[in-house]
Amino acid sequence: MPSGCGADDVGATVVASRSGWRCCPVRVHVHIAPWLRDPEQGKPEGEIFVKGGNSGGVEGRIGFLPRIGVRLMAVDPFAELLRHLRRSANRTQDEQAGAINAASGRATMTRREVNRYENGANVPTDHTLGSIALACGVPLEPLLREAKAARARRREKNKAEAEDLDDVKRRTLLGGAVIGAAAAAEPWGRLAYALSKGSKIDPMSAGVLIDHAARLHIDELSESALNLQARVEAHLDAITAALPRAGTHERALTIAAGETAALAGWVAWDLGEHDKATSYYGVTAECAKKAGHPPLRALALGYASYGAPTPSKALEMLSQAAQDVRGRGNATAAAWALGRYAEEAAQSGDDVGALRALEQARFAYDFADPTSEQAWVRFVTPYRMDSLTLSVYGELKRQELTATADSAVERLGGELPDSGVVVLGDLASALLRGGDVDRGTYVAHQFAAAAESKPNTMGRQRAQAIAAGLPDTEHDLASHLLTFATV
């Protein structure tokens, strides 16, 4: 800590630079909820926004705690507010999760989710905020107001990141501002610098584009379609800009472009933009043809099958997808394509075909290694395979459903993984279709809470299916799920 800056220097900016730390005065505006004031001194606990100077400084936030000191953090004010609420209740994150569960009457909150809230990685839903307010003994209305502001900041941040990425592409393609050597030290800077000079993409920059395409498929498990769409489309623009000068990386970048386009289509379909989704799937198929990579077409067909006009058309698409992923190195993709075929066959009343395809899918997954195959197969986790199996057994009302449900719940463990929402959704639907209404309704309540706290691109579809299978006595839950599915 620099000399001259102490815990009482509320009106000060701490700047980290290459030469060390320095302290300088700054005008500060702090908005503090009334229940966060120090009861002994009457001083507020809160956050002060600080911005670095012109000499290589950084910007961040100083968390000011009376009589304790100053710590440099880059956390959203609302996230810090939630942290203060927990600490003022003298709870650990585990204990906070337990208190929220006690307030809601549902055992769906975990320490991990509390941590995500307090790190700014996620903003609680209004429903969850009601439980937090009750657990912490604070009024709900201010929390709702601050959460709304936090969501607005997240949208602006996502929009700014997309615009920044698009600006890199635009300036490069139009031969605009020259990017200096300092900017070229960063991956996106190297890419823009290479394009502006008319040179080939270097291996590291190509690797960044390809790795980011893979990462988006993983993020799809834990982000809503609305949050994901701008990032996916911006990345597709970046790869598109790079392709004309890809050189020896052309095939790899073409595949990455196709994987990103397929995800863009899936996100668009989830948001109700069906024509846009179809166009993206068509682009994916073109990339597969150009790169000579059939598994990429399988990805487009698998996604597009959810919106097929008829069950027979969906089965036709999935049959071709399964053909496209035959051979070594495609076990995970084959497991997904065959599992989807089994799901559609079961819904079409083809019991024999569904069970045969499901057995083939599970056999293929025994040889799967999602981390070393195509980037897009990362979402085909053991949890996803559980959900496909549950969907088939529930539709066919198989006696294996109970044992499979128990196994799936055991695999989920105490902390719900990112892809666990899909499992809960398929489990609830399967139990309701299989006739176990009481257990299916209980899981449906768990799904409703989890889908709001862990939004992803599969939640809305599951919500509609579950609502249709609930008994008349669960009218409120059904209405809630239908509302969630259409928002």
Using a 3.5 Å distance criterion without hydrogens, assess whether the side chain of [X] forms a donor-acceptor pair with backbone atoms of [Y].
X: T284; Y: A262; value: yes
X: H217; Y: E259; value: yes
X: K397; Y: R433; value: yes
X: R153; Y: K148; value: no
X: R111; Y: Q93; value: no
X: R362; Y: T389; value: no
X: T483; Y: S479; value: yes
X: S319; Y: E316; value: no
X: Y383; Y: A408; value: no
X: D350; Y: A346; value: no

Give, for atom [atom1] of [X] and atom [atom2] of [Y], the distance between the pair rounded to the nearest 0.5 Å.
X: L477; Y: F447; atom1: CG; atom2: CZ; result: 10.0 Å
X: F367; Y: N330; atom1: CZ; atom2: CG; result: 14.5 Å
X: L315; Y: T310; atom1: CG; atom2: OG1; result: 8.5 Å
X: Y365; Y: T332; atom1: OH; atom2: OG1; result: 6.0 Å
X: F78; Y: L82; atom1: CZ; atom2: CG; result: 4.0 Å
X: L358; Y: L396; atom1: CG; atom2: CG; result: 9.0 Å

Is atom [atom1] of [X] surrounded by more than 12 heavy atoms (other residues, nucleotides or ligands) closer than 6.0 Å?
X: D275; atom1: CG; answer: no
X: N90; atom1: CG; answer: no
X: R326; atom1: CZ; answer: no
X: H475; atom1: NE2; answer: no

request  = Decide, yes or no, whether a salt bridge links E286 with K289 under the criterion of side-chain N to carboxylate O below 4.0 Å.
outcome  = no
Beyond-backbone contact of [X] with [Y], side-chain heavy atoms, under 4.5 angstrom:
X: Y280; Y: Y303; value: no
X: H235; Y: I239; value: yes
X: D476; Y: H480; value: no
X: L144; Y: E141; value: yes
X: E233; Y: K276; value: yes
X: T441; Y: L432; value: yes
X: I255; Y: C287; value: no
X: E343; Y: E395; value: no

Where do [X] and [Y] come nearest, in terms of heavy atoms and distance?
X: A99; Y: A135; answer: O-CB, 3.7 Å
X: L236; Y: T240; answer: O-OG1, 2.7 Å
X: L431; Y: G440; answer: CB-CA, 3.6 Å

ask   = Just by distance, with hydrogens left out, do S387 and R384 show a side-chain donor and acceptor under 3.5 Å apart?
value = yes
Checking T128 against T125: is there a side-chain donor and acceptor pair closer than 3.5 Å?
yes
_I'd like to know whether Q96 forms a side chain to side chain donor-acceptor pair (under 3.5 Å) with R86, so could you lay out the CA-CA distance, the side-chain angles of the two residues, the decisive distance to 0.1 Å, and finally the verdict._
CA-CA 6 Å; Q96 180 75 343; R86 173 177 61 81; over 6 Å; no
Residues passing the side-chain hydrogen bond (donor to acceptor under 3.5 Å, both in side chains) test with Q320, sequence neighbours excluded, are D324
The side-chain hydrogen bond (donor to acceptor under 3.5 Å, both in side chains) partners of D219 (sequence neighbours excluded) come to R215, R231
The single option from T404, V409, T402 that satisfies side-chain contact (heavy atoms from CB on, under 4.5 Å) with D406 is T402
Decide whether a cation-pi geometry holds between R340 and Y306; the criteria are a distance under 6.0 Å from NZ or CZ to the six-membered ring centre and an angle within 45° of the ring axis. yes
In terms of relative ring orientation, are W376 and W336 parallel, tilted or perpendicular, with 30° and 60° separating the classes? perpendicular
